[in-house]
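Here's the structure, in structure tokens; my notes come after.
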Amino acid sequence: MLRDMFKKTYTLIDTKYRSQTGREPNVPEGLWRKCRKCSQPILGEDVKNNYYICPKCKAYFRVHAMRRIEITADAGSFEEWNRKMEFSNPLDFPGYEEKVWAAREKTRLNEAIVTGSCLIEGEKAAVGVCDARFLMSSMGHVVGEKITRMVERATKERLPVIIFACSGGARMQEGCVSLMQMAKTSGALKRHHEAGLLFVSVLTDPTTGGVTASFAMLGDMILAEPGALIGFAGPRVIQQTIGQKLPEGFQRAEFLLEHGFVDRIVPREEMKETLGRILKVHRQETAEGVGYPADPMKNSAKKVREAGDLRENGAGTDMDGIGGAVEKVSLDVENPEKTAWEHVLLSRRADRPTAKDYIDEIFDEFMEFHGDRYYGDDGAIIGGIALFHGKPVTVIGQQKGKTTKENISRNFGMPSPEGYRKALRLMKQAERFGRPVICFVDTPGAFCGIEAEERGQGEAIARSLFEMSDLTVPVLSVVIGEGGSGGALAMAVANEVWMLENAVYSVLSPEGFASILWKDSKRADEAAGVMKVTAGDLLNLGIIEEVIPEREPACGENLGEIALEMDQRMGRFLRDYGARTGEELRTQRYERFRGI
């Protein structure tokens, strides 16, 4: 109440002062802060309680290193490393020492980064936090050394690393010595990477120059705060160089997400929880590997409830636990009531569940990641990490929309090169951390367009086939709708491939087949029968291992039943293949395709 009265009184005085003098009032230091974006005065306590976000316009204030640690680490858990390090002036640059001492006096920090270890949601990690108050957190020898020592210690103690980047780039006063810190920090992170450990990079405003071109962009997962400026060359330099006005939002976090360079934009108030979830999954991977023992207690409440519902409806699904004995449901694959063309039409139905529907139904805590790290993010492919009965997996799916607007944003489920590169990036990440990979295939085919060819569609698909064949973790692919040509195969080089009963899988569409061979696309229904595209046909040909029944064509109403059947079979698959060595998995996958 008193605070509200004080605010109103101050606002009246402030308004009157401005109107009479045309000048800014003197704000008592520490009590009020002024937002750089909306220019409104805000109580410092309100800013602090709101994660240093303006409560009026939602603009982000830059956060001091120790305050960042305060809002990220569990209370009392932070232990600082290498707190004091000797000053370095390798070029004997005049006035440099005075600048550093002034920065030390102002910030009460030894240098532009604070490093140490802490708990985040109970999970231990090594943490580095840049502080922009200290010479714009530029990277000189001491900053590079502190980061390198932190990463080396984390590697020795087998800790994940989290770095909150914020920097103007290399420290000019140290010349080429500063430049070398880019290589030094990157080399330390490479060793940490080779040790099978996790690095999460968090990009805050601003992250530019040599920091962007080194450790900041090397994360296994790269997160960014909303609106953060991120780029190699600063926008002013670019604009002066090319003599053109830059587009609105250029080099902001949202721009980088759209162009495939960050996994997620995470609001500051959600950062601690997000990091905690990532660290939790990582700890489960390193501690438990990919084994999937039968354990009915790890069924989610949702799945247990659905199992009861299905039993009452007579579905007869066994819920003895993940990987337990599961009867394969018999299927008449020679059903004379349905033609191949009818299967094709059913696979394309607008109400057919999408990859995201199955992901939400089968897995828990799905966290989607974005971008190929080269060009863009493709909405036609979604992917990330999730929990399957409490165990971490990587899940990737080709995603169609359910409305015209969604289909346009998803390009009707036709992936571009960046989609396949995103999928492969997530698969390689899964391999490094020992996570099984589960793919949902549903595409008319890879996108064919000028831009797709310019960005290397063929190479992207070929690279996917090349790398998937050699993955050392279990890979399962399930065709849930259309399996169109190489665009589908690029996500189906798996240890086993399954199909839903009304899904199809073919070298190209029946319309395309009829048009090429018979010069008449109207004979598509006839072509479908000749091509052997149905699940039953492909099971008989040895192309797939299992058919998942659809007692009624898949739709929202029976999604739970189909997902539960899929869940049971996945448990058995993961228990079987999770017990195999990496070499056995590679060999089995090679022999599978070698025998076709």
Side-chain angles (χ1 to χ4, degrees), residues 64-66 68-69 73 78-93 95-118 125-195 197-204 206-219 232:
H64 303 170
M66 297 311 297
R68 174 78 70 176
I69 291 167
F78 180 68
E79 174 193 347
E80 189 169 357
W81 296 348
N82 303 304
R83 187 170 185 271
K84 292 186 178 180
M85 295 187 68
E86 292 185 9
F87 168 71
S88 174
N89 188 0
L91 305 186
D92 292 324
F93 195 89
Y96 178 40
E97 185 171 0
E98 289 77 8
K99 280 184 175 291
V100 170
W101 281 105
R104 287 181 175 180
E105 182 72 21
K106 176 184 177 182
T107 63
R108 298 183 182 179
L109 299 176
N110 178 258
E111 250 294 349
I113 189 167
V114 176
T115 61
S117 67
C118 68
V127 177
V129 183
C130 296
D131 195 312
R133 296 175 300 161
F134 201 111
L135 301 185
M136 204 48 230
S137 195
S138 52
M139 184 165 64
H141 168 260
V142 177
V143 170
E145 185 66 19
K146 289 188 76 169
I147 292 172
T148 301
R149 289 187 188 185
M150 176 190 69
V151 173
E152 288 174 342
R153 180 169 173 178
T155 304
K156 185 177 180 180
E157 297 183 13
R158 299 201 61 77
L159 291 176
V161 167
I162 299 170
I163 300 180
F164 288 85
C166 174
S167 179
R171 190 166 294 179
M172 299 296 99
Q173 295 91 336
E174 294 190 23
C176 216
V177 172
S178 175
L179 189 68
M180 295 304 107
Q181 306 313 306
M182 295 167 61
K184 183 166 77 176
T185 55
S186 299
L189 285 167
K190 175 64 173 175
R191 292 192 171 199
H192 186 263
H193 175 92
E194 293 298 327
L197 300 170
L198 175 73
F199 169 39
V200 181
S201 180
V202 183
L203 310 180
T204 72
T207 301
T208 60
V211 166
T212 303
S214 57
F215 67 84
M217 298 303 292
L218 295 176
F232 179 57

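The basis for the numbers below is simple: all heavy atoms, side chains too, and nothing from hydrogens, waters or symmetry mates.
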Please find the pair of heavy atoms, one from [X] and one from [Y], that lie closest to each other, and give the distance.
X	Y	result
Ala165	Thr204	O-OG1, 2.7 Å
Ser167	Val211	OG-CG2, 3.3 Å
Ala188	Thr148	CB-CG2, 3.9 Å
Met85	Arg104	O-NH2, 3.4 Å
Gly140	Ser178	CA-OG, 4.3 Å
Val100	Phe87	CG2-CE1, 3.5 Å

Quick one: [atom1] on [X] to [atom2] on [Y], what's the gap to the nearest 0.5 Å?
X	Y	atom1	atom2	value
Leu218	Thr185	CG	OG1	7.5 Å
Arg158	Leu198	CZ	CG	12.0 Å
Phe78	Ile69	CZ	CD1	3.5 Å
His64	Thr107	NE2	OG1	9.0 Å
Leu189	Phe199	CG	CZ	5.0 Å

Hey, does the side chain of [X] reach the backbone of [Y] with a donor-acceptor pair shorter than 3.5 angstrom?
X	Y	value
Arg133	Ala65	no
Thr115	Gly128	no
Thr212	Thr207	yes
Thr208	Phe232	no
Ser137	Cys166	yes

Full working for side-chain contact (heavy atoms from CB on, under 4.5 Å) between Val143 and Arg171: CA-CA 10 Å; Val143 170; Arg171 190 166 294 179; 4.2 Å; yes
Salt-bridge present (Glu79, Arg153; N to O < 4.0 Å):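 Looking at Glu79 and Arg153, the cut-off is met.
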Ionic contact status for Lys184 with Glu145, cut-off 4.0 Å: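 So Glu145 pairs with Lys184 through a salt bridge.
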CA sep, side-chain torsions, deciding dist, call: Gln173, Leu91, side-chain contact (heavy atoms from CB on, under 4.5 Å): CA-CA 7 Å; Gln173 295 91 336; Leu91 305 186; over 6 Å; no
Matching residue for His141 among Glu86, Gln181, Lys146, Met180 - test: side chain to side chain contact (heavy atoms under 4.5 Å, CB included): Gln181
Audit row: Val114, Asp131, side-chain contact (heavy atoms from CB on, under 4.5 Å) steps and yes/no: CA-CA 8 Å; Val114 176; Asp131 195 312; 5.9 Å; no
Candidate pair Val161 and Phe215, rule side-chain contact (heavy atoms from CB on, under 4.5 Å), full reasoning: CA-CA 11 Å; Val161 167; Phe215 67 84; over 6 Å; no
Within 6.0 angstrom of Glu105 CD, more than 12 heavy atoms from elsewhere: no
Salt bridge (Lys or Arg N to Asp or Glu O under 4.0 Å) between Lys190 and Glu194, worked out: CA-CA 6 Å; Lys190 175 64 173 175; Glu194 293 298 327; 2.7 Å; yes
